[in-house]
Amino acid sequence: MLPKRSDFPPGFLFGAATAAYQIEGSAFGGAGPSHWDTFAATPGNVIDGSSGARACDHYHLWQTDLDLMRDAGFGAYRFSTSWARVMPDGRAPNPEALDFYDRLVDGMLERGLQPFATLYHWDLPAALADKGGWRNRDVAGWFTDYARLVHARLGDRLAATATLNEPWCIAWLSHFLGHHAPGLRDIRAASRAMHHVLLAHGTASRALRADGAGNLGIVLNFETAQPRDDSAQAAASAATQDAIYNQWFIRAVTGQPYPEAAMAGIGPHLPEGWQQDMDLVAAPLDWLGVNYYTRKLHGHAPGHWPNNADSDGPLPKTQMGWEIRPEGLTEFLIRLSRDHVGDLPVYVTENGMSLAAGPDVTDDMPRVAFIGDHLRAARAAMDQGVNLRGFFYWSLLDNYEWAFGYGPRFGLVHVDYTTMARTPKASWHAFRRMLGPDR
Ligand code: FCB
């Protein structure tokens, strides 16, 4: 069961989130290749060998999808613009792309949906990947040019803008663990990316503000890191993981130094002169986006820093194998407000559950329970003083789940990838009962 609308303050925003590469279809509309297209074209990187070339064909079906948002009763839609679509060669604008996003934003406003834009949800133009991508310091300037271009066209109608989605994934998951594009496993590449993502965020947000943009934020992901046993080694592994994942970015954007437990391994590989960037990185924020899904247990691994091996705990799991632990959301919201952002407005910008489709694709009652439990966890944080202003479910549609391809289904709406038919699930109807006209 979902809570009641009246359990939340009247202005509290409910929405759903998507990302360009996961739904649009990168083959359409004159988009250039992104590093995700090339990563996905390399054997072994994506479980089912699939890419986002067609995805959910949202590029053509966007009106249907916005209708689904409106009809569920949502007041806001979190979407992303694709850098490789807007700048196919990484630098020159593609007018067709800007026209597409222009219509999309107007379509949201016509349906009473506040547009929450994310400028980078992982589709780096391949031409910029060729120049080193996030390893190259110039990425801060490239990203700023792109951000200003998008804002010049859409900014007058956006309710909120996030620079980056999940810098931990952009930098660490993609350059150290090698799971996402560009698929590197290299401490030096990863360390540079860990800094350059933040430099890009700071540089772009200052430029956007100078251009007159308001309500600027960033979306960070957080994952509970706990020791797998009560040994001192496991405690140290969990602490290192927490520093890299949960502290590195939020500390930097709020003007705190990089955490020592992460600097132990990353520090020696940071680009020269990084200290001089830290003021720029801590550009003023109007809001913070929090993505939260799960927890992992951590223990010692022999060999090189960070000497960390993760494992799953005993809690019930989603289709991704991710433990379900709603109280982690409460804990992070309280911790972030207490240690980092005070009463800055915070949004849950992603939280959701992957669940395999059964014979009746609309039957997703475990997802309804998952959402209800996480909404109550969010409400519990508000009761303890957190200035939480909204909650976006991930995701509106079943879509391309990156290295896991089309297997995982996170959507409130089922997508048949052959016919592209959209079928609302029980969770969509539950939101509609909670938020919609008949509530
Ligand atoms: C987040 C991503 C999003 C989606 C969910 C399941 O890390 O931001 O694109 O893949 O996980």
Side-chain angles (χ1 to χ4, degrees), residues 15-26 34-36 39-40 45-48 50-52 55-56 58 77-84 116-124 162-177 179-181 197 201 217-225 244-246 249 288-296 310 317-325 328-329 332 347-356 364 367 370-371 374 391-413 415 427:
T18 64
Y21 191 78
Q22 294 176 274
I23 63 167
E24 286 177 357
S26 64
S34 77
H35 70 170
W36 257 98
F39 179 79
N45 283 342
V46 176
I47 265 178
D48 55 6
S50 63
S51 76
C56 304
H58 171 78
Y77 176 47
R78 176 170 177 247
F79 70 109
S80 80
T81 53
S82 161
W83 191 349
F116 271 58
T118 300
L119 293 169
Y120 186 72
H121 202 129
W122 308 353
D123 23 26
L124 183 76
T163 50
L164 306 177
N165 178 70
E166 301 191 348
W168 179 85
C169 292
I170 302 169
W172 201 253
L173 186 68
S174 308
H175 296 80
F176 186 77
L177 299 174
H179 296 326
H180 279 188
V197 285
H201 158 75
I218 186 168
V219 171
L220 306 181
N221 52 325
F222 297 92
E223 184 179 284
T224 306
I244 300 169
Y245 200 125
N246 299 319
F249 306 99
L288 173 70
V290 173
N291 293 357
Y292 171 77
Y293 288 92
T294 189
R295 133 181 116 162
K296 283 213 168 51
D310 63 27
K317 302 193 176 53
T318 71
Q319 185 191 10
M320 298 294 284
W322 295 350
E323 281 191 300
I324 302 173
R325 191 171 174 276
L329 179 58
F332 272 121
Y347 294 86
V348 174
T349 33
E350 283 182 33
N351 171 251
M353 181 190 193
S354 172
L355 180 72
D364 67 343
R367 178 176 288 110
F370 179 100
I371 298 170
H374 285 82
F391 181 100
F392 292 82
Y393 178 78
W394 180 273
S395 182
L396 172 66
L397 305 171
D398 292 340
N399 60 43
Y400 181 64
E401 182 46 38
W402 308 112
F404 293 92
Y406 291 98
R409 291 185 177 270
F410 277 91
L412 302 172
V413 175
V415 176
S427 53

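Counting starts at 1 for both ligands and their atoms, in listed order. Computed from a predicted model, the values in this text were never measured in an experiment.
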Compare all side-chain heavy atoms of Asn165 with those of Ser80 and state whether any distance is below 4.5 angstrom. no

Residues 347-356 vs salt bridge (Lys or Arg N to Asp or Glu O under 4.0 Å), sequence neighbours excluded, gives Arg78-Glu350

Output all residues satisfying side-chain hydrogen bond (donor to acceptor under 3.5 Å, both in side chains) with Thr18, sequence neighbours left out; order by chain, then residue number. Tyr77

N/O donor-acceptor pair under 3.5 Å between His35 side chain and Trp122 backbone: yes

Select all protein residues for which some heavy-atom-to-ligand 1 distance is less than 4.0 Å, and list them by chain and number. Gln22, His121, Trp122, Asn165, Glu166, Tyr293, Glu350, Trp394, Glu401, Trp402, Phe410

Less than 6.0 Å separating the ring centroids of Tyr21 and Tyr400? yes

Sorted by chain and number, sequence neighbours left out, salt bridge (Lys or Arg N to Asp or Glu O under 4.0 Å) with Arg325 holds for Glu327, Glu331

